[in-house]
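Contents: one structure, followed by commentary.
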Amino acid sequence: MTAPPPILIDGRSADVQPGETILQVARRLGIAIPTLCHVEGFAPSASCYLCAVQIEGRPNLWPSCAMPAAPGMVVFTDSDTVREARKTALELLISDHAGDCVGPCRTGCPARLDIPQFIASIAAGEDGKAAQIVTDDLTLPASLGRVCPRLCEQRCRQCEVEEALSIRNLHRFTADQQRLAVRPYRPTRAQPTGKRVAIVGAGPAGLAAAHHLLLRGHATVLFDAHPQAGGMLRYGIPAFRLPRGVLDAEIRWIRELGAEFRLAQRLGRDLSLDTLRRDFDAVLLALGAQGSRGLDCPGEELALPAVRFLEQLTDGPAPEVGADVVVVGGGNTAMDASRCAVRLGAQSVRVLYRRTRREMPCLMEEVEAAEAEGVQIEYLVAPLRLERANGQLRLTCQRMELGAPDASGRARPVPVPGSEFTIPASCVIAAIGQSVDFEAGHAPGLNFSKWGIAVDSRTLATNLPGVFAAGDAVSGPDLAVRAVAAGKLAAASLDQYLSGRKVVGSPEAVNVLMGKLNEHELAVMLREIEQAPRAAMPHLPLEQRRTSFAEVELGFTPSDARRESRRCLGCGCGKAVPCRLRNLATEYGVDPARFVGERRHFTRDTSHPDIIFEPGKCILCGACVEVARRAGEDVGLSFFGRGFQAGVAVPFDRPMAEALRTSAKEAAAVCPTGAIMLKGTGCAGCRLA
Amino acid sequence: MCLDSCCVAKGTDRIFRALQESVARTGAAASVKRVGCVGACYRTPMIEVVTANRRRLAYTGLTPAQAGELVHTEYGPRRWARRLRQLWTRGLDNLLVESDPAQPPAEEVASPRRDPGVAAFFGRQVHIAMEHYGRLDPLDLDECLAHDGFQALARCLGLPAGHLTGAPPGEPAKRPVPSDPATADPRGTTGHPVQAWAPDQIIAAIEQSGVRGRGGAGFPTGQKWRVVCQQPGDTRYVICNGDEGDPGAFMDRMILESFPYRVIEGLAIAALAVGAHEGIFYIRHEYPNALERVRAALAQMERRGWLGDHLLGSDYALRLSIKEGAGAFVCGEETALIASVEGRRGMPRLRPPFPAQAGLWGKPTLINNVETLALVPWIIRHGAAAFAAIGTASSKGTKVFALAGKIRRAGLIEIPMGTTLREIVEDIGGGVAAGRKFKAVQIGGPSGGCVPARLADTPVDYESLRDIGAIMGSGGLVVLDDTACMVDIARYFLQFTQNQSCGKCTFCRVGTKRMLELLERLCAGRAKRTHLDELERLARQVTQGSLCGLGKTAPNPVLSTLRYFRDEYEAHLNGRCPAGKCPALIRYVVKDNCTGCTICAQRCPVNAIPLTPYQRHVIDLDLCTRCNTCREVCPHDAIEVK
Ligand SMILES: Cc1cc2nc3c(=O)[nH]c(=O)nc-3n(C[C@H](O)[C@H](O)[C@H](O)COP(=O)(O)OP(=O)(O)OC[C@H]3O[C@@H](n4cnc5c(N)ncnc54)[C@H](O)[C@@H]3O)c2cc1C
Ligand SMILES: Cc1cc2nc3c(=O)[nH]c(=O)nc-3n(C[C@H](O)[C@H](O)[C@H](O)COP(=O)(O)O)c2cc1C
Ligand code: SF4
Ligand code: SF4
Ligand code: SF4
Ligand code: FES
């Protein structure tokens, strides 16, 4: 008798033992096939179809976890068809997944601060743990805690109930506590690697990169054209919003971590990219967007660029602005410049903006603060020309009206014919916008994009080997927190580059988000928390604000912070990290939004002492049903319903504690998703425990 | 008179009682007999009257009150008859079910042969599974025996034919069974013990007959029997699959209700062939009448001692039992069926192993469809060659279909394989209503496909249907005319399968749901081209990535309509429903020829038509729900759909 022909899996042959499945043979061969519903030792459920493979000569796909291996079979485990099907299966599962992997707030934060976790720590009175999370995830947390426009809060689930959590102020609270602590948290640095990175630009992007490179054991040298580090945080943002002491302390913390600063060194004047590339193992360009755009009308040279004006406030003698200040522009810079002008004693400060209040590209509270301090804002006005006559400036303007939306989606202002008028001014400040003032001349061979230095958006690598770029220098004028996030990403890529690994950046895990909840779902979430209004931020009294550069927002007291932190719903999944559905979704690059349609409701059963059951996350693998059955549970779990409504539940509406008397922990262990999780794990878990 | 479920639904039970009462009251020289299904559902309720001079008359559309009078007509004094007949003529017309408008309103169909409609309806049919349809009392065992019942089984067991005349113990002997020289095999009529058939001989006969499973997949029955027969071990099971869950299909119910003994016989022969001593009827819970008849038939046989240790009095032991189905479509899938019989939730598992290898309680199990089993006795009696002579090269014998839809004559039909779809629609079914166009047939139920009219010359056989993207399925056949929107049809069938999925497989549970949502989007005119592409891609992946037949075939209605009616999908993308069916895409408008009769205004359920006597009416499109009432009631055809 001849031996039976072997099975061929992805071109590799193996003998087949009786009773073996394709999955078992493949694993024996070291061929990885993903599985979700499969549990070693259990009868195959064959429901998820993640383990699908193609078999030559047969139509369709076959679940390898259940398919008996047969001699002579030719199996393909990784063909395009297979990968496509797996991806679709994951996308289908996710389209019906009632859960958030991580809190929506966290996905809103460009630096991915673990918001629910640090807030839970504050609520639990564990300030040290909160500090650790905030310090590790963010660079300059106290500074960002003052200037960040709070992208996270826009996504906060509490918005659907009351107002968003005051997330920024909470991390400011934690960071301030740290700054003033006797023994602040100091992360441990990895063993020195002997590699050195030159970082040009010591603004938020450069500082964040230095922070994360130092933690990984690389030496960093920060070069900056300015005499002090901090970038726009120091030379742009006024002190009443960000006291210099706060910024200084945070920069000192990075210096103490090991960063070396070489200030007043300008790339292109005092340094060349070539020398840096020769002298260092890698270079990061974090030069910001330090140039100013002019008024774009005759006489624009007579206006003072806002960036210059703000820089002088930090660095030089306070500029003379006179009694009638006109600021042209409608962004943050315009607000800052106008509020500074008020503080310098100007009698009248007017802001001219060419669109309406709705279109202003800055936080409304900045506008309100400026108005409270006496700044007048005129909308739908654009400059036509600027002249000087008898030592007075005369700005001729034109009224505008809103037309069709432009490329940015905002309504385009169009002039109203014959609406010209002229206003006198002692000083005109141009706050039209910043630009990257670093060009090819300073760095031969470097590629540029429409906005700044061209990079691979995944890794931040430029076209020059070993040269990376991050922050406003890449994106054009943007936000400090995005610069911090970019610095962090650049550090990850640089680390990969320096250690000779493939440079991939820091690929993010797929996040399922539930989107807007219906009232029942919201009620489930609200069950766990105290409802209260958002804590107000105490402000410096108005009289003092107009005359001094003292900080306006005073910060939370510990009891404010504690109370505010208890409003957090603890969004996110306690099993987000080990979750196999999420891991596979990440591996297969799924698009969580490919299928939109009806999805199950979010519900949560916390009645069991050891586990939390969230049936909306169940993928119907049946593992828990089998665990309960094997454990001899009287009640156990069972499937119910048909079609899309099918699910797993405790029969006869018995409580979960009766269903899983002895096997709850094991059920949580076999459950591939967060449908069954142990209490006391992860963010939702820790608060619900 | 037929008392099967569908006829009962049309009131035959009340008519039956009225007839009985009337016969009792008048003392007429007549008896009222329950018989099996005739198949001419379009004429239900129907009574066949056999007069004293053996003339056969069929009446349709009777009410219980009229039924009483019928007794007077046919069996009472002659002068009653004329009077009443006139009376009915007036009332009956609108009682006719789905009546043929072209045919004069007739209460009496003198003889099937003389009525052209009836002749055409039955003309092409060949009755094997439905042999003796409409003649026998389904539960009268003696009558059954008199009509060849259990002869095939007796022959397989090697019992002489005379053996079957035995009366149940303790009951007076009934009249002897007259043997019918026309059909009986000489070997069976000798009255002497004959040689029993070896399992292999039975299987060979079934194999040679070429019969294939009528449950949907069309697997060669003989081959399946042989696989079960060849398995090691002593314990095996046979199961009759009577779960029939397709919407609109009721062939198996009819066979179980009209010919319970025939199915029992078929199952017993199968048991004999594969060496099983236990058989189970798995009949869906929603078929109480079928359950009742099979139960009663088994009881009758038990009373004669023909079940249990001595099948038909032989030494072969066969226990038969009934299991009520769990009421889900997917329980008809054989592995789910087994799970359900074992007391678990009806959820399919991967095959292999096939039930023939490891089925009920892990033992080799033969599962056959009701109709498959009903064909078996005929094959044994008439020989494999006789069966194989009917049909096409690859598909032998006959197939029962539930013919329904936009057709003049609907009903249960049994046709030889190879009959073309056009013959079914036009000859048997009488075509679509006047003024309408035959557009497509949906064949095979929710797992089947839509065949366009231009392919109607396709013969009904497994391969030809498969090649054009449809399937034989279990026998649903819905005729569609030009008022059918194919996107809507696909949506309808997918909705059914989506609801019936066991929910286990990702693709079947969520994939079909997303497909359904895409179809709903199309029907609502909210779909973009990318949605259409996604629908098609997803449909293929659902087919590839489902465990059982339900999921694998659920996309068929979508794929086949996409194949033949893509232009209709495209039209929906452009916000148009060519058939004028999808409410979101159509408007109802009153034309100029409106006379202002106000009927539509009075009948509109949402008051979307202001009452304006003698003036052209106007429909308020914001209120209009597109229910079509106005168009139906307008006597002047003045309402059109745009
Ligand atoms: C007035 C104003 C108000 C703002 N308010 C806010 C706010 O409220 N919230 C917020 O999130 N963001 C705000 N921003 C934006 C924010 O400050 C920037 O997005 C952020 O600082 C960008 O960080 P960066 O590290 O990329 O660049 P920068 O902060 O611009 O730092 C770049 C550094 O590179 C140095 N450099 C430049 N060229 C050279 C060279 N050739 N050689 C050596 N060194 C060089 C510069 O001296 C500078 O220190 C504001 C910006 C301005 C101007
Ligand atoms: C979803 C699904 C439903 C089914 N329903 C039935 C049914 O109701 N009746 C039936 O006989 N077969 C049904 N089948 C087919 C059975 O699985 C099996 O193939 C059949 O009973 C075998 O008998 P046959 O070989 O005589 O056709 C179904 C299959 C699937 C996938
Ligand atoms: S409630 Fe808490 S966890 Fe949820 S989004 Fe808001 S801050 Fe984040
Ligand atoms: S809850 Fe049970 S069936 Fe659902 S995914 Fe978890 S283990 Fe599987
Ligand atoms: S294909 Fe559908 S019905 Fe069949 S096992 Fe899978 S989920 Fe259940
Ligand atoms: S189907 Fe095989 S692992 Fe889920």
Side-chain angles (χ1 to χ4, degrees), chain A residues 19 21 36-37 43-52 54 58-68 70 81-82 84-97 581 594-600 618-622 625 629 638-648 651, chain B residues 326-331 335 339 344-354 357-358 494-518 520-521 530-531 534-535 537-554:
Chain A
T21 61
L36 262 184
C37 68
S45 151
S47 71
C48 71
Y49 257 76
L50 256 293
C51 68
Q54 260 179 312
R58 292 181 192 233
N60 301 331
L61 300 172
W62 299 87
S64 60
C65 66
M67 190 68 180
T81 313
V82 164
E84 260 315 297
R86 289 183 188 152
K87 179 163 174 277
T88 304
L90 291 163
E91 283 163 337
L92 288 170
L93 287 173
I94 281 175
S95 71
D96 184 31
H97 201 73
L581 177 60
R594 173 164 165 207
F595 299 109
V596 274
E598 189 185 332
R599 73 149 165 77
R600 287 171 293 186
C618 170
I619 60 157
L620 282 92
C621 71
V625 179
R629 196 188 63 79
S638 73
F639 290 100
F640 72 93
R642 295 270 166 206
F644 191 63
Q645 307 304 330
V648 163
Chain B
F329 176 53
V330 74
C331 288
T335 60
R344 289 177 291 126
R345 178 181 154 96
M347 279 222 215
R349 61 156 174 77
L350 181 73
R351 304 174 308 168
F354 291 88
Q357 304 161 306
L494 191 65
Q495 192 160 32
F496 173 82
T497 17
Q498 151 59 213
N499 267 321
Q500 294 295 318
S501 156
C502 79
K504 179 169 162 165
C505 309
T506 303
F507 282 101
C508 182
R509 180 181 74 251
V510 196
T512 55
K513 175 73 178 177
R514 298 295 171 239
M515 283 175 64
L516 189 60
E517 285 168 344
L518 289 167
E520 280 162 358
R521 205 177 249 278
T530 49
H531 293 119
E534 182 70 277
L535 176 67
R537 195 162 51 228
L538 191 54
R540 298 200 190 286
Q541 284 179 322
V542 171
T543 300
Q544 284 180 340
S546 295
L547 197 61
C548 83
L550 187 147
K552 280 189 167 67
T553 59

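None of the values given here were measured: they were computed from a predicted structure. Lettering of chains follows the sequences in order, A, B, ..., and the numbering in each one begins at 1.
- Only the side chain of B/Leu538 comes within contact range of chain A, with heavy atoms under 4.5 Å apart.
- Proximity to chain B (any heavy atom under 4.5 Å) is shown, for A/Ala52, by neither the backbone nor the side chain.
- Counted by atom type alone, B/Arg514 and A/Ser95 present one or more donor-acceptor pairs between their side chains at under 3.5 Å.
- Using a 4.5 Å cut-off between heavy atoms, B/Arg537 touches chain A through its side chain atoms alone.
- Within the 4.5 Å cutoff, the side chain of B/Phe507 has heavy atoms near those of the A/Thr88 side chain.
- Residue A/Glu598 touches chain B through both its backbone and its side chain, counting heavy-atom pairs closer than 4.5 Å.
- Here A/Leu61 contributes atom CG and B/Gln541 contributes atom CD; the two are 8.5 Å apart, rounded to the nearest 0.5 Å.
- Ranked by heavy-atom pairs under 4.5 Å with chain B, the list A/Cys621, A/Ala646, A/Gly647, A/Ala46 is led by A/Ala46.
- Put simply, the side chain of A/Arg642 does not reach to within 4.5 Å of the side chain of B/Asn499, judged on heavy atoms.
- Of the inter-residue distances, the one linking A/Leu620 atom CG with B/Cys502 atom SG reads 9.0 Å to the nearest 0.5 angstrom.
- Taking CG from A/Leu93 and OG1 from B/Thr506, the interatomic distance works out to 4.0 Å, rounded to the nearest 0.5 Å.
- Distance alone, capped at 3.5 Å, is enough to place a donor-acceptor pair between the B/Lys504 side chain and the A/Ser45 backbone.
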Evaluate A/Phe644 against B/Leu516 for side chain to side chain contact (heavy atoms under 4.5 Å, CB included), listing each step before the verdict. CA-CA 11 Å; A/Phe644 191 63; B/Leu516 189 60; over 6 Å; no

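- In summary, B/Glu534 and A/Arg594 engage in a salt bridge, as defined by a charged side-chain N under 4.0 Å from a carboxylate O.
- A/Ser47 contributes no side-chain N or O that, together with a main-chain N or O of B/Cys505, makes up a donor-acceptor pair within less than 3.5 Å.
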Between B/Gln544 and A/Thr81, is the side chain to side chain contact (heavy atoms under 4.5 Å, CB included) condition met? List the steps. CA-CA 10 Å; B/Gln544 284 180 340; A/Thr81 313; 3.6 Å; yes

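- A heavy-atom distance below 4.5 Å is found between the side chains of B/Leu350 and A/Trp62.
- Taking chain B as the reference chain and counting heavy-atom pairs below 4.5 Å, the highest number among A/Ala89, A/Pro63, A/Pro68 is found for A/Ala89.
- Of the atoms belonging to B/Glu517, it is side-chain heavy atoms, and not backbone ones, that fall under 4.5 Å from chain A.
- With a threshold of 4.5 angstrom between heavy atoms, A/Glu91 does not approach chain B through any atom at all.
- Taking CZ from A/Phe639 and CZ from B/Arg344, the interatomic distance works out to 11.5 Å, rounded to the nearest 0.5 Å.
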